[in-house]
**Q** 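First the structure, then my questions, so here it is.
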Amino acid sequence: KGDLEERAAAVGRYIVESGATVRAAAAVFGVSKSTIWKDHIGCRQNPGLWAEVQAVVQKNKAERHLRGGEATRRKYLREPSCTAPHGTV
């Protein structure tokens, strides 16, 4: 139980300090997104930290459609690896 609380606090501090998304925090801590969410819920032990984490998570959630659109734009701006239409060689 102590490890969970320590990890929840560490994840919470990381998200607040870096403004990281849940995916980014999961990658840094080597755990799944589900674990980050569970830790986020467990972070309610510290109401001040929980409120700060909640603010960052809500901000990221509000901006996610912008990040997705940018990723799609970059995807289609890349140079195609093959110029032949599908089905032809």
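Quick caveat, the model's predicted, so the values are computed rather than measured.
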**Q** Roughly how far, to the nearest 0.5 Å, is OG1 of Thr35 from CZ of Arg7?
**A** 6.0 Å
**Q** As an exercise, state the distance from CD of Gln54 to NZ of Lys61, rounded to the nearest 0.5 Å.
**A**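 Gln54 atom CD to Lys61 atom NZ measures 8.5 Å (nearest 0.5 Å).
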**Q** So which atom in Leu49 and which in Val16 form the shortest heavy-atom distance, rounded to 0.1 Å?
**A** CD1-CG2, 4.2 Å
**Q** Ignoring hydrogens and geometry, is there a side-chain-to-backbone donor-acceptor pair from Asn60 to Ala20 under 3.5 Å?
**A**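 Looks like yes, one N/O pair under 3.5 Å.
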**Q** Using a 4.5 Å cut-off on heavy atoms from C-beta on, say whether the side chain of Tyr14 contacts that of Val53.
**A**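 Of all side-chain heavy-atom pairs linking Tyr14 with Val53, none is under 4.5 Å.
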**Q** Among Val57, Val31, Thr21, which residue satisfies the side chain to side chain contact (heavy atoms under 4.5 Å, CB included) criterion with Ile36?
**A**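 So, applying the side chain to side chain contact (heavy atoms under 4.5 Å, CB included) to Ile36 and each of Val57, Val31, Thr21, only Val31 qualifies.
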